[in-house]
J.: 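Pasting a structure below so you can have a look.
Proteins come first, then strands; the chains are lettered A, B, ... in the order of their sequence lines, and each starts at number 1.
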Number of protein chains: 2
Amino acid sequence: MLHDEVVARIRDQLIEGRIAPGARIPERELCQTLDISRTPLREALKVLAAEGHVVLLPNRGARAAKLTLADVRDLFEVSAALESAGGELACQRITDAELAFIAARHAEMEAHYTARDMRAYYACNRAIHEAIMRASGNAVLIGIYESVSARIRRARYVAPMTEPHWRSALQEHAAMLNALERRDGPMLAMILKTHLRHKGSEVERAGFATL
Amino acid sequence: MLHDEVVARIRDQLIEGRIAPGARIPERELCQTLDISRTPLREALKVLAAEGHVVLLPNRGARAAKLTLADVRDLFEVSAALESAGGELACQRITDAELAFIAARHAEMEAHYTARDMRAYYACNRAIHEAIMRASGNAVLIGIYESVSARIRRARYVAPMTEPHWRSALQEHAAMLNALERRDGPMLAMILKTHLRHKGSEVERAGFATL
DNA sequence: ATAACCAATTTTGAATGCAATTTTGCTATT
DNA sequence: AATAGCAAAATTGCATTCAAAATTGGTTAT
């Protein structure tokens, strides 16, 4: 198994909560599960620590990072900054094909809203946000966005949207698509910032304590 | 030596260009220099690869990352996004003490400009930008900013400012301080964005090809 | 003379082994 | 019964070792 694959596998376990936040990471056990020895596992843990998914205590092993309320606030603030910048750049650089892709996902998303299929809705929602970031054409920005998104994802799992928030989120998305089509960068940046602030406060309110 | 210290030491060598961009990293030699064995060194290289300072080629070793023109453009765009967001948050959260510290550094910086001491000027400049980011109170933002700044730093070394650009940079800094004092977040964000765009295009123009 | 191929050397990637630190469980004392 | 102290066990961190892959140098054939 390749190094990056080991990192990705463990990261997935952390994001999906299969390794509980704050839990000690059983080095021995993971070695058996992944069928690798301690050396490559420890290399992976060091990388995950640099990414913020894991906390390393000297001589006391690795623990799955625990998101505090402050962390969630910080992550959403950063995400807002990254996405608004990405949106602004996307308006300068997006191709018609990319725009069509986003419009298609948006249409799907509206259907999922009507059908009250929240899981499918989330998938479209995420695809749209990622597509906008890709359209920014900025590899560094995309990389950091993915890293921050991964850390946020766990927090979002435990925060199902309320109906009124869901409706207004959809309206914000419609406005986003409109701004993108008009290549109105500052407008899209503003909408995304607001959109992310709403998402953030929703997550912070809705039983985030359970993490 | 602690793991983080190993990472920091190698990172410094990369940033300062003591290990040339694109150069193969002599694993053996570094082991002797740092007086550690290959295991901790390799762990450090993996972390530095995750940070973007090093490129790892499977079965073919590590190389110091080489900044392309696209990388520099990307990094400055991201830095602009991070700093403008940081500035906006700082306006909400900055303390009088932090503001006084920045004002003092700004005064020093003007003196260094008058004395045409570019090295001292740069030190103040960096202290101010870092102080603004710290005042944002967002640990995640600060961490990402430091990482991006580190990658940018090498590019800046080779781009000495021209006199007219220096003068206008100083004016922008004066405007920044003014916006901070008035806690005018949107204004500070705008100035920082412009300031970073100027810095970026200056670096991109000025003999960046030498990297 | 150049290019292709093959062997020798070097280098990478991973497993194992060993010393040091921490944690755990037991005993003894209050 | 509860706590402090101590010894045993486990775990961490690093050095060493070993197999696999890549690079290097030399030789041969065109």
Side-chain angles (χ1 to χ4, degrees), chain A residues 1-15 17-68 143 147 151, chain B residues 1-15 17-68 143 147 151:
Chain A
M1 184 166 15
L2 225 58
H3 162 78
D4 287 343
E5 203 187 325
V6 174
V7 174
R9 284 267 275 279
I10 303 174
R11 183 166 39 213
D12 283 347
Q13 294 194 25
L14 290 164
I15 292 170
R18 296 227 316 263
I19 299 173
R24 277 200 66 191
I25 294 179
E27 211 173 83
R28 213 158 229 319
E29 197 179 301
L30 264 185
C31 283
Q32 293 176 335
T33 309
L34 301 174
D35 198 43
I36 54 175
S37 79
R38 284 180 58 220
T39 304
L41 176 68
R42 285 171 56 76
E43 287 173 355
L45 288 176
K46 289 275 197 315
V47 170
L48 289 167
E51 290 179 7
H53 291 293
V54 156
V55 181
L56 251 43
L57 302 100
N59 289 318
R60 305 173 86 224
R63 288 182 173 279
K66 199 187 283 186
L67 283 182
T68 66
S147 168
R151 286 173 72 185
Chain B
M1 188 169 5
L2 227 56
H3 161 78
D4 286 343
E5 203 187 326
V6 174
V7 174
R9 285 266 275 277
I10 302 173
R11 184 165 40 214
D12 282 348
Q13 295 194 25
L14 291 164
I15 293 170
R18 298 228 314 263
I19 298 174
R24 278 200 66 193
I25 294 179
E27 211 173 82
R28 214 155 233 319
E29 197 180 302
L30 264 185
C31 283
Q32 292 176 335
T33 309
L34 302 173
D35 198 43
I36 54 174
S37 80
R38 284 181 57 221
T39 306
L41 176 69
R42 286 171 54 75
E43 287 173 357
L45 289 177
K46 289 275 199 310
V47 170
L48 290 166
E51 289 178 7
H53 291 293
V54 157
V55 180
L56 251 43
L57 301 101
N59 289 318
R60 305 173 85 224
R63 288 183 173 279
K66 198 187 285 185
L67 283 182
T68 65
S147 168
R151 286 173 70 185

J.: So, does A:Arg24 get its side chain near the phosphate of D:dT12, meaning an N or O under 4.0 Å from OP1 or OP2?
T.: yes

J.: In whole angstrom, what separates A:Glu43's CD from C:dT12's C1'?
T.: 11 Å

J.: Could you tell me the separation between the CD1 atom of A:Ile25 and the CG atom of A:Leu48, rounded to the nearest 0.5 Å?
T.: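 Going from CD1 on A:Ile25 over to CG on A:Leu48, the span is 7.5 Å.
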
J.: Determine the minimum heavy-atom distance between B:Ala64 and B:Leu14, stating which atoms define it.
T.: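 For B:Ala64 and B:Leu14, the tightest heavy-atom pair comes out as CB-CD2, 3.5 Å.
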
J.: I need the minimum non-hydrogen distance between B:Leu56 and B:Leu45, along with the two atoms involved.
T.: CD1-O, 4.3 Å

J.: Roughly, in whole Å, what's the span from CG in A:Asp35 to P in C:dG13?
T.: 19 Å

J.: With a 4.5 Å limit on heavy-atom distance, are the side chains of A:Ile15 and A:His53 in contact?
T.: yes

J.: Rounding to an integer number of Å, can you tell me how far B:Met1 CE sits from C:dA20 P?
T.: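 Answer to the nearest Å: 18 Å.
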
J.: Look at the side chain of A:Ser37 and the base of C:dA14, then say whether one donor and one acceptor between them are separated by less than 3.5 Å.
T.: no

J.: Once you round it to whole Å, what is the distance between P of C:dG13 and CG of A:Leu41?
T.: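 It is 17 Å, rounded to the nearest whole Å.
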
J.: Heavy-atom nearest nucleotide on DNA chain D for B:Leu2 versus B:Arg38: which residue maps closer to 5'?
T.: B:Leu2

J.: With a cut-off of less than 4.0 Å, is there a side-chain N or O of B:Arg60 near OP1 or OP2 of D:dT23?
T.: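 So the side-chain polar atoms of B:Arg60 do come within 4.0 Å of the phosphate oxygens OP1 or OP2 of D:dT23, strictly under.
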
J.: Of A:Ile36 and A:Pro58, whose nearest nucleotide on DNA chain C comes first from the 5' end?
T.: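 Its nearest nucleotide lies further toward 5', so the answer is A:Ile36.
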
J.: Given atom CD of A:Glu27 and atom P of C:dT22, what is their separation to the nearest angstrom?
T.: 16 Å

J.: For B:Arg151 versus B:Glu51, what's the shortest heavy-atom pair and its separation?
T.: CD-O, 3.4 Å

J.: Distance check needed: D:dT23 P versus B:Arg63 CZ, whole Å only.
T.: 9 Å

J.: Would you kindly give the CD1-to-C1' distance between A:Ile25 and D:dA10, to the nearest whole Å?
T.: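 Atom-to-atom, A:Ile25 to D:dA10, this comes out as 18 Å.
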
J.: If only side-chain N and O atoms of A:Arg42 are considered, is one of them under 4.0 Å from the OP1 or OP2 phosphate oxygen of D:dG13?
T.: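 Yes.
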
J.: Expressed as a whole number of angstroms, how long is the span from A:Leu56:CG to C:dT22:P?
T.: 15 Å

